[in-house]
Enquirer: 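One structure follows; several queries about it will come next.
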Protein chains: 2
Amino acid sequence: MAKIKESSTIQENKQYAIQKCPVSYVMEMIGGYWKPIIIYHLSSGDKRYNELKKAIPAVTEKMLIQHLKQLEADGLVVRESKPVVPPFVTYRLSSAGRGMMPMINAMAEWGLDHMKGKF
Amino acid sequence: MAKIKESSTIQENKQYAIQKCPVSYVMEMIGGYWKPIIIYHLSSGDKRYNELKKAIPAVTEKMLIQHLKQLEADGLVVRESKPVVPPFVTYRLSSAGRGMMPMINAMAEWGLDHMKGKF
DNA sequence: CATATCACTTACTTTAGGGTAAGTACTTGT
DNA sequence: ACAAGTACTTACCCTAAAGTAAGTGATATG
């Protein structure tokens, strides 16, 4: 996975933000272009890798798998693979992942309100 | 302000995400490293430019002003300047900005819970 | 008359994230 | 023997976001 140069100011500032600010911490976890969309698709139930791929046609395989790995590493998503050929892999939200649904809904609600010009 | 090459796939995908997904839309607005921190400092009342600068020592002036301009352009923050010398400029949350506090609080709550290992 | 204050600007560099395209392993079906 | 299906990997390139450092304008103050 992409190497990071942990001596850069960018990294230092990011760490600072993530540690000082729980909101930055959240955004670090769900901040990729495709992550909210992946989470949305998983919120309605487990999906196989290929199902996600078809559900989100614009995403490339590299990005899809990269985001899935990150979500898994952050404990938001659980990956389950059956040792068969062809492979059978399913992804689903962990309890932490499901636990963020109220937050996600709050975000979506504000977003929709703001789009519509409320406030 | 930074020019964007709107013909790139990155831009297309971003537009797709922002339009399809209200959560991505929200993150586009509050997704800079410093934006949540700026919003946090403004949530307790108006601040002068210099007060923000002092309150967030690690941010550079370029980033601070850039994020403030974006927040203003997105209607989250209001800028008020008195035509005096030296300048006297204050920033405060707009009603839309204040309207996102419940959402921000939901995010912070989940973030803190997750940091502490809840779920 | 030089320096300080405030709120920015501007030109340039670096880096992390995203994108493209091709390849891998393993087995079943034709 | 060859293609098809599934779930990835890998190597390389491009762009937008972030950072660095210096400069601007208008006035007041010593």
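Just so it is clear, the model here is predicted, and its values are computed rather than measured. Proteins get letters first, then strands, A, B, ... in listed order; numbering begins at 1 in each.
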Enquirer: Around atom CZ of A:Phe119, are there more than 12 heavy atoms from other residues, nucleotides or ligands closer than 6.0 Å?
Expert: yes
Enquirer: OP1 or OP2 of C:dT5 less than 4.0 angstrom from a side-chain nitrogen or oxygen of B:Tyr49, does that happen here?
Expert: no
Enquirer: For DNA chain D, whose closest nucleotide is more 5', that of A:Tyr33 or that of B:Val85?
Expert: A:Tyr33
Enquirer: At 4.0 Å (heavy atoms only), tell me whether A:Lys62 reaches a base, stays on the sugar-phosphate, or touches nothing.
Expert: base
Enquirer: Is any side-chain heavy atom of B:Leu52 less than 4.5 Å from a side-chain heavy atom of B:Leu42?
Expert: yes
Enquirer: Would you say a side-chain N or O of A:Asn13 is under 4.0 Å from OP1 or OP2 of D:dG19?
Expert: yes
Enquirer: Measure from the side-chain heavy atoms of B:Trp34 and tell me the nearest of D:dG19, C:dC8, D:dA16.
Expert: D:dG19
Enquirer: Counting only heavy atoms from other residues, nucleotides and ligands, does the tally under 6.0 Å from NZ of B:Lys47 exceed 12?
Expert: yes
Enquirer: Atom NZ of B:Lys47 to atom C1' of C:dC8: distance rounded to whole Å?
Expert: 20 Å
Enquirer: Report yes if a side-chain nitrogen or oxygen of B:Thr9 is closer than 4.0 Å to either non-bridging phosphate oxygen (OP1 or OP2) of D:dT15; otherwise report no.
Expert: no
Enquirer: What is the distance, to the nearest angstrom, from the CD atom on A:Gln11 to the C1' atom on C:dA16?
Expert: 8 Å
Enquirer: Using a cut-off of less than 4.0 Å, is there contact between a side-chain N or O of A:Arg79 and OP1 or OP2 of D:dA7?
Expert: no
Enquirer: Rounding to an integer number of Å, can you tell me how far B:Glu80 CD sits from C:dC8 P?
Expert: 13 Å
Enquirer: Taking for each residue the nucleotide of DNA chain C bearing the nearest heavy atom, is the 5' side occupied by B:Thr90 or by A:Gly32?
Expert: B:Thr90
Enquirer: Mind calculating the distance between CD (A:Glu72) and P (D:dA7) to the nearest angstrom?
Expert: 14 Å
Enquirer: Looking at CE of A:Met29 and CE of A:Met100, how far apart are the two atoms once the value is rounded to the nearest 0.5 Å?
Expert: 9.0 Å
Enquirer: In terms of the nearest nucleotide of DNA chain D, which residue is placed more toward the 5' end: A:Lys14 or B:Pro86?
Expert: A:Lys14
Enquirer: By the 4.0 Å heavy-atom rule, please label A:Ile10 as base, sugar-phosphate, or nothing.
Expert: sugar-phosphate
Enquirer: Quickly work out the B:Leu64 CG to D:dA21 P distance and round it to whole Å.
Expert: 18 Å
Enquirer: Counting only heavy atoms from other residues, nucleotides and ligands, does the tally under 6.0 Å from OH of A:Tyr16 exceed 12?
Expert: yes
Enquirer: In whole Å, what is the span from the CG atom of A:Leu52 to the P atom of D:dC8?
Expert: 11 Å
Enquirer: Is a side-chain N or O of A:Arg98 found less than 3.5 angstrom from the main chain of A:Leu93, in a donor-acceptor match?
Expert: yes
Enquirer: In whole Å, what is the span from the CD1 atom of B:Ile65 to the C1' atom of D:dG23?
Expert: 15 Å
Enquirer: Within the structure, does a side-chain N or O atom of B:Ser8 lie under 4.0 Å from either OP1 or OP2 of D:dA16?
Expert: yes
Enquirer: Compare side-chain N and O positions of A:His67 against OP1 and OP2 of C:dG17 and report whether any pair is under 4.0 Å apart.
Expert: no
Enquirer: Whole Å only: how far is the CD atom of B:Glu61 from the P atom of C:dA11?
Expert: 17 Å
Enquirer: Determine: side-chain N/O of B:Arg48 to OP1/OP2 of C:dA7, distance under 4.0 Å, yes or no.
Expert: yes
